[in-house]
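Okay, so here's the structure we're looking at.
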Amino acid sequence: MKRFFQPVPKDGSPAKKRPTATTDSGDAPASAGAGGEEGSPGEEPHKFVTWNANSLLLRMKSDWPAFSQFVARLDPDVICIQEVRMPAAGSKGAPKNPRELKDDTSSSRDEKQIVLRALSSSPFKDYCVWWSLSDSKYAGTAVFIKKKFEPKKVSFNLDRTSSKHETDGRVIIVEFESFLLLNTYAPNNGWKEEENSFQRRRKWDKRMLEFVQRVDKPLIWCGDLNVSHEEIDVSHPDFFISAKLNGYTPPNKEDCGQPGFTLAERHRFGNILSHGKLVDAYRHLHKEKDMDSGFSWSGHPIGKYRGKRMRIDYFIVSEQLKDRIISCEMHGRGIELEGFYGSDHCPVSLELSKAATEAPEPPRPSS
């Protein structure tokens with residue numbers, strides 16, 4: 001089963017398997033894993049899914065058959081996961097390896113086997129997996145890519161030149177020939193200035209702004225971005241903008257309200273989109289508010305958050321890709337979390353038309 005978890009060299013490129021063209025840095029492109037269907041030369045992914053699993057291990061224990069059916073039906077080329085919540089390899093007190101699952105204790109070995117078994121069955125056996133994991137059962141991301149596709153390079157840091165992973169495993173960047181895929185789990189803004197969560201989110205947004213302005217290829221950015229951009233992106237705007245934790249009011253009015261819906265976060269997110277020349281794929285196609293299936297996160301069905309929903313999971317694409325958007329859909333419905341597969345987030349999908357260079361050649365006229 002090891003073949004489903006390719007070793008990744010320190011530079012972040014997937015393991016070499018056969019001689020191929022190199023990137024600017026001299027790293028070899030990824031090889032398609034053992035098995036799987038053959039891809040056409042130059043073929044690139046065009047069907048994507050992103051999902052905050054809210055603990056991938058828990059989903060594998062209880063909701064995996066239903067999620068597997070969803071994946072088999074949709075047949076995405078790439079699946080991006082956030083909140084993996086599996087600890088990185090490494091014993092207590094030793095440096096951790098965020099590219100590998102922890103297996104140095106009896107319980108962690110058992111948990112790793114659950115993951116390996118889940119990913120060795122259909123349809124996941126047709127994918128290669130890259131991990132970026134936290135030191136503990138917190139945060140973390142993963143990217144599953146069909147074996148027939150060959151990324152040029154996989155990185156785990158917004159700097160792209162660093163071999164280090166982002167703190168808590170919040171970033172995976174996959175470079176293909178014609179575009180970059182960015183999978184992120186953005187840090188939550190939190191409720192209180194003095195807990196440093198506001199500063200952490202401001203720093204993250206600043207780095208994201210810098211990143212989108214220096215990318216050298218069209219970008220597909222997906223994941224749990226932990227922000228609802230406009231009022232149309234939440235079910236109850238007045239509830240979220242006035243939300244408080246234990247009656248606390250931040251000193252800055254722009255930091256007031258539900259994390260993910262404060263004016264400060266929404267303003268910074270808008271700046272990232274405009275300066276990066278980026279398009280919200282879902283909102284590009286869906287102009288009206290959809291109270292049934294227009295949100296990706298839903299509050300607990302019991303309590304004051306029942307029926308309170310937000311759209312915080314996205315596909316954001318460069319303007320160059322806008323005209324290739326075929327569909328972008330939320331796959332959860334209603335306040336009972338139908339289609340959420342045990343998480344508090346539902347999967348979101350994006351389909352692009354194939355690039356002109358991938359289109360089949362027209363038939364030649366007969367002589």
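Since the model is a prediction, treat every value here as computed from it, not as a measurement. Note: hydrogens, waters and symmetry copies are ignored here, and every other heavy atom, side chains too, is used. For this chain, numbers begin at 1 and follow the sequence in order.
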- Message: Is the ring pair Phe240/Phe261 parallel, tilted or perpendicular, if the boundaries are 30 and 60 degrees?
- Response: perpendicular

- Query: After noting the C-alpha distance and the side-chain angles of Trp51 and Val71, does the key distance pass the side chain to side chain contact (heavy atoms under 4.5 Å, CB included) rule?
  - Reply: CA-CA 11 Å; Trp51 184 40; Val71 171; over 6 Å; no

- In one Ile/Leu/Val/Met/Phe/Trp/Tyr side-chain cluster, 4.5 Å: Ile172, Val78: yes

- Query: Is Phe144 linked to Leu57 within one hydrophobic cluster, defined over Ile, Leu, Val, Met, Phe, Trp and Tyr using a side-chain heavy-atom separation of less than 4.5 Å?
  - Reply: yes

- Note on the structure: For Leu74 and Ser349, the nearest pair of non-hydrogen atoms, with its separation, is CD2-CB, 3.7 Å

- Item | Polar side-chain atom of Asn196 near backbone of Gln199 as donor-acceptor pair, under 3.5 Å | no

- Shortest non-hydrogen contact from Phe295 toward Val234: CE2-C, 3.4 Å

- His267 side chain to Leu263 main-chain N or O, any donor-acceptor pair under 3.5 Å? no

- Could you tell me if the ring centre of Trp221 sits under 6.0 Å from that of Phe211? no

- Query: Would a 4.5 Å heavy-atom cut-off, applied to side chains only, mark Phe149 and Glu43 as touching?
  - Reply: yes

- Task: Would you indicate whether Lys289, at its atom NZ, is surrounded by more than 12 heavy atoms from other residues, nucleotides or ligands within a distance under 6.0 Å?
- Result: yes

- Message: Does this structure show an ion pair linking Asp159 with Lys164, if we count only N-O contacts that are shorter than 4.0 Å?
- Response: no

- Item | Polar side-chain atom of Lys47 near backbone of Pro45 as donor-acceptor pair, under 3.5 Å | no

- Could you grab the distance from atom SG of Cys80 to atom CD1 of Ile145, nearest 0.5 Å is fine? 7.5 Å

- Task: To the nearest 0.5 angstrom, please state how far the CH2 atom of Trp297 sits from the CG atom of Leu337.
- Result: 9.5 Å

- Item | Nearest-0.5 Å distance, NZ of residue Lys152 to CG of residue Leu180 | 11.0 Å

- Message: If I compare all heavy atoms of His286 with all of Cys328, which pair ends up nearest, and what's the gap?
- Response: NE2-O, 3.0 Å

- Taking Arg85 for the side chain and Lys137 for the main chain, is one N or O donor matched with an acceptor at less than 3.5 Å? no

- Hey, does the side chain of Asn246 reach the backbone of Tyr248 with a donor-acceptor pair shorter than 3.5 angstrom? no

- Message: Strictly below 4.0 Å, N to O, side chains only: are Arg283 and Glu288 in salt-bridge contact?
- Response: no

- Using a cut-off of 6.0 Å, state whether more than 12 heavy atoms not belonging to His284 lie near its atom NE2. yes

- Query: Taking side chain as C-beta onward, heavy atoms only, is Val317 less than 4.5 Å from Pro218?
  - Reply: no

- Presence of salt bridge, Arg266 and Asp233, under 4.0 angstrom: no

- Message: By the definition side chain to side chain contact (heavy atoms under 4.5 Å, CB included), identify the one residue from Asn188, Asn226, Asp255 that meets it with Arg201.
- Response: Asn226

- Donor-acceptor contact present, side-chain Lys148 to main-chain Asp77, <3.5 Å: no

- Using the six-membered ring wherever Trp is involved, compare the ring planes of Tyr341 and Phe70 and label them parallel, tilted or perpendicular (cut-offs 30° and 60°). tilted

- Note on the structure: Paired with Gln82, the side-chain hydrogen bond (donor to acceptor under 3.5 Å, both in side chains) test is passed by just one of Asn54, Asn183, Thr141, namely Asn183

- Walk me through it: do Leu158 and Leu182 pass the test side chain to side chain contact (heavy atoms under 4.5 Å, CB included)? CA-CA 9 Å; Leu158 288 176; Leu182 170 64; 4.2 Å; yes

- Short N-O contact, Arg333 and Asp292, less than 4.0 angstrom: yes

- Any chance you could measure His165, atom NE2, to Lys96, atom NZ, to the nearest 0.5 Å? 14.5 Å

- Message: For the backbone of Ala53 and the side chain of Arg59, can you confirm whether one donor and one acceptor N or O come within less than 3.5 Å of each other?
- Response: yes

- Any sub-3.5 Å donor-acceptor pair from Thr50's side-chain atoms to Val348's backbone N or O? no

- Query: Among Val115, Ile114, Leu116, whose side chain to side chain contact (heavy atoms under 4.5 Å, CB included) with Lys112 holds?
  - Reply: Leu116

- Message: Under 4.5 Å between side-chain heavy atoms, counting indirect links through other Ile/Leu/Val/Met/Phe/Trp/Tyr residues: same cluster for Tyr138 and Phe156 or not?
- Response: no

- Inter-residue atom distance Lys354.NZ - Leu352.CG, 0.5 Å rounding: 12.0 Å

- Task: Take His46 and Ile326 through the test side chain to side chain contact (heavy atoms under 4.5 Å, CB included) and record every step on the way to the result.
- Result: CA-CA 10 Å; His46 64 102; Ile326 294 176; 5.8 Å; no

- Side-chain contact test, heavy atoms from C-beta onward, threshold under 4.5 Å: evaluate it for Lys147 versus Asp126 and give yes or no. no

- Item | Any side-chain heavy-atom pair of Asn189 and Phe198 under 4.5 Å | yes

- Return the orientation label for the Phe48 and Phe315 ring planes: parallel under 30°, perpendicular over 60°, tilted otherwise. tilted

- Check whether any side-chain N or O of Tyr185 sits under 3.5 Å from a backbone N or O of Asp168 as a donor-acceptor pair, and report yes or no. no

- Item | Distance in Å, Arg306 CZ paired with Ser298 OG, rounded so as to fall on 0.5 Å steps | 9.0 Å

- Query: Stepwise, does the side chain to side chain contact (heavy atoms under 4.5 Å, CB included) test hold for Leu119 with Met60?
  - Reply: CA-CA 9 Å; Leu119 297 183; Met60 288 176 168; 3.8 Å; yes

- Item | Which atom of Met330 lies closest to which atom of Arg311, heavy atoms considered | CE-CD, 3.2 Å

- Quickly, which of Gln320, Glu175, Glu177 forms a side-chain hydrogen bond (donor to acceptor under 3.5 Å, both in side chains) with Lys217? Name it, please. Glu175

- Task: Work out which heavy atom in Leu350 is nearest to a heavy atom in Ile220; give both atom names and the distance.
- Result: CD2-CG2, 4.1 Å

- Query: Are Leu225 and Trp204 linked, directly or through other ILVMFWY residues, by side chains that come within less than 4.5 angstrom of each other?
  - Reply: yes

- Item | Verify same cluster id: Val174, Trp130 (apolar side-chain graph, 4.5 Å) | yes

- Nearest heavy atoms of Trp191 and Gln258, plus distance in Å: CH2-OE1, 3.6 Å

- Query: Below 4.5 Å, heavy atoms only, C-beta onward: do Asp280 and His229 meet side chain to side chain?
  - Reply: no

- Query: Got Ile335 and Pro301 here, is their nearest side-chain heavy-atom distance under 4.5 Å?
  - Reply: no

- Message: Using side-chain heavy atoms (C-beta onward) and a distance below 4.5 Å, is Ile316 in contact with Cys222?
- Response: no

- Query: Any idea how Phe239 and His236 line up, ring-wise: parallel (<30°), tilted (30 to 60°), or perpendicular (>60°)?
  - Reply: perpendicular

- Arg309 side chain to Met291 backbone, donor-acceptor under 3.5 Å: yes

- Flag the pair Arg207 and Glu166 as a salt bridge only when some basic side-chain nitrogen lies within less than 4.0 angstrom of an acidic carboxylate oxygen. yes

